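Below is one structure, written out as structure tokens; comments come after it.
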Amino acid sequence: MSGSGRPVRSRQPTLSLAVPSQTSYLAMISELTRHMAALAGFDEAEAGRLALAVDEATTNAIKHAYAGAPDRLVQLRFDDRRDELRVEIEDTGATVDPRNMPSVDLDRYVKQRRTGGLGVHLMEKIMDSVTFRRVSGRNICCLVKRKDGAGGAP
Amino acid sequence: MSGSGRPVRSRQPTLSLAVPSQTSYLAMISELTRHMAALAGFDEAEAGRLALAVDEATTNAIKHAYAGAPDRLVQLRFDDRRDELRVEIEDTGATVDPRNMPSVDLDRYVKQRRTGGLGVHLMEKIMDSVTFRRVSGRNICCLVKRKDGAGGAP
Amino acid sequence: MGELTVETRESGDVTLVYPAGFINAHTVRLFETEIQRALEQKRFKLVVNCASLSYIASAGLGALMGVIEEIRQNGGDLRLTNLNETVLNIFEILGFHHLYLIFSTEMEAIRSFRPAADPQ
Amino acid sequence: MGELTVETRESGDVTLVYPAGFINAHTVRLFETEIQRALEQKRFKLVVNCASLSYIASAGLGALMGVIEEIRQNGGDLRLTNLNETVLNIFEILGFHHLYLIFSTEMEAIRSFRPAADPQ
Ligand SMILES: Nc1ncnc2c1ncn2[C@@H]1O[C@H](COP(=O)(O)OP(=O)(O)O)[C@@H](O)[C@H]1O
Ligand SMILES: Nc1ncnc2c1ncn2[C@@H]1O[C@H](COP(=O)(O)OP(=O)(O)O)[C@@H](O)[C@H]1O
């Protein structure tokens, strides 16, 4: 085995995807995520929630980082590791400052008739970890869901 | 509009995808192609045939170029142009010589109990053009389907 | 995949809204338009039947939040029925089930708007 | 998405095969295995009911080609029913409809194996 000559990798190669910054691709991304989640061993309900979290992160990149410009690209990477599924959503748009992300107060929310601010909250409820980082002109939103069923949404 | 400062592009940006060289991803690629074909304006039956052609090209990259190795990548690019949908399937495996591709003779086929050789034939029947090229260590299979409904399968 | 259609029907003074497909940032405008159409006609009793709704992203939830206060200030309400597991789960994750009345069947939701004296 | 299940049933000396899902390079082995199981039991009259088959790639067509000669040499045949538009279209593109008998209903396909004297 070890003599076969090709490099030994410890895990599945990553699936990656570059999608135009248009919301018409959201449904496709959601289907793709559902499929990747199923391949990673998540059940249908969990796969549906993961699809929603990735939809939200992609929507944010289109709406906020690219301010709706339709001719940019959003990169997605799916990394199926032994213990977790990791999805990174990357854009080259305006800087995200995670400290700007509001925490959600539903009562205030309704009173003020706000219609935004739920996406990040939802991602955090669904995933085990949601992090944002800026790396050489790119915003990377990293979503992690553990496979053991501990943590995250019911 | 022209003063907006961002580059004007003449067409949709390309959707691209890197998938592990494993047949478990074929169904997902097929669904993705169906979706891209629908966004490009093809009807459901045509979208189904395009999905099949892309499945075949990807299968060939996995089976022939990579000889079944599961840890390589197949790149797919979808380019929705004004008059045509163009899909490129790319691998970094063994060289394909298009002259090796056999033409199919169904009678001989059955007599010899061959079970392969249909994929390229099917791709050619479905698409308006199927070309193979080798570019700096990569095999690129380029599938083109015109949007006017002329040519290709019924 | 990814498309949304929204039909509406009237049952007395209750407006029934039937979103079918996905509500996400791409399709939410259509959903909002149908709700607004009812409000413009001063119809403030709404039942959103989610039987054919496979998916709702925060854009869609935001749309619900954006109209509820106006509806209630006008003596009406927006109530939901037939949520599938995924959609119900999203509502619960966000605590939306505390903000909206959710029924199992359309009939129950419609009846909930009728005066209690209504037979049966 | 992408999964295949294959059930089989017997109707007299005819074996009914029900592939459901996608037959592609990933799932074709399962389909072949079920066909081979029938042949090993010397059952050479096969009806493949494609009612739940959404998709067949060349790997699947190759599997059909790979067994047909053996089946016919043993006095049997492999016949198909209930092909959806996409699958029928693939068969026609490749000229497979000249190689295989294709019926609209399972009943017709089963009857085609019975002696002509069979009533009705
Ligand atoms: N990718 C991003 N780039 C820039 N800003 C972002 C990004 N994602 C979220 N934000 C900021 O966080 C806020 C909350 O995001 P979110 O919870 O998704 O709600 P909404 O998008 O509906 O406003 C946004 O209004 C925006 O200011
Ligand atoms: N991507 C590829 N790389 C290398 N060889 C290929 C590739 N695609 C096709 N071929 C060659 O063309 C032949 C015919 O391919 P195809 O029609 O798909 O039938 P099959 O794959 O069933 O043999 C293959 O047997 C192989 O020799």
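All values below come from the heavy atoms of this structure, side chains included, with hydrogens, waters and symmetry mates left out. In what follows, every chain begins at residue 1, and chains take the letters A, B, ... in the order their sequences are listed. These numbers come from a predicted model, not from an experiment.
Counting only heavy atoms from C-beta outward, the side chains of B/Asp55 and D/Phe22 never approach each other to under 4.5 Å.
A salt bridge (charged side-chain N to carboxylate O under 4.0 Å, His left out) check over residues 43-58 of chain D, counting only residues at least two apart or in different chains, returns the pairs D/Glu10-D/Arg43, D/Asp13-D/Lys45.
Just one residue in the list B/Glu56, B/His121, B/Met123 forms a side-chain contact (heavy atoms from CB on, under 4.5 Å) with D/Ser58, and that residue is B/Glu56. A side-chain contact (heavy atoms from CB on, under 4.5 Å) with D/Asn24 holds for exactly one of B/Leu52, B/Leu26, B/Thr58, B/Thr23; it is B/Leu26.
For the atom pair CG (D/Leu61) and CG (B/Leu122), the distance works out to 7.0 Å, reported to the nearest 0.5 Å. Between D/Glu92 atom CD and B/Lys125 atom NZ the span is 12.0 Å, to the nearest 0.5 Å. Note that the CD atom of B/Glu124 and the CD1 atom of D/Ile93 stand 12.5 Å from one another [nearest 0.5 Å].
With a 4.5 Å cut-off on non-hydrogen atoms, D/Leu64 does not touch chain B at all. Of the two parts of B/Thr59, only the side chain, counted from C-beta on, holds a non-hydrogen atom closer than 4.5 Å to a non-hydrogen atom of chain D.
No more than 12 heavy-atom neighbours from other residues, nucleotides or ligands sit within 6.0 angstrom of CD on B/Glu44. Counted within 6.0 Å of CZ on B/Arg134, heavy atoms from surrounding residues, nucleotides or ligands total more than 12; the atom is thus considered enclosed.
Shown here are the ring-ring contact (aromatic ring centres under 6.0 Å, His included) partners of D/Phe91, two or more places apart in sequence or in another chain: D/Phe96.
At least one donor-acceptor pair under 3.5 Å links the side chain of D/Tyr55 to the backbone N or O of B/Ala51.
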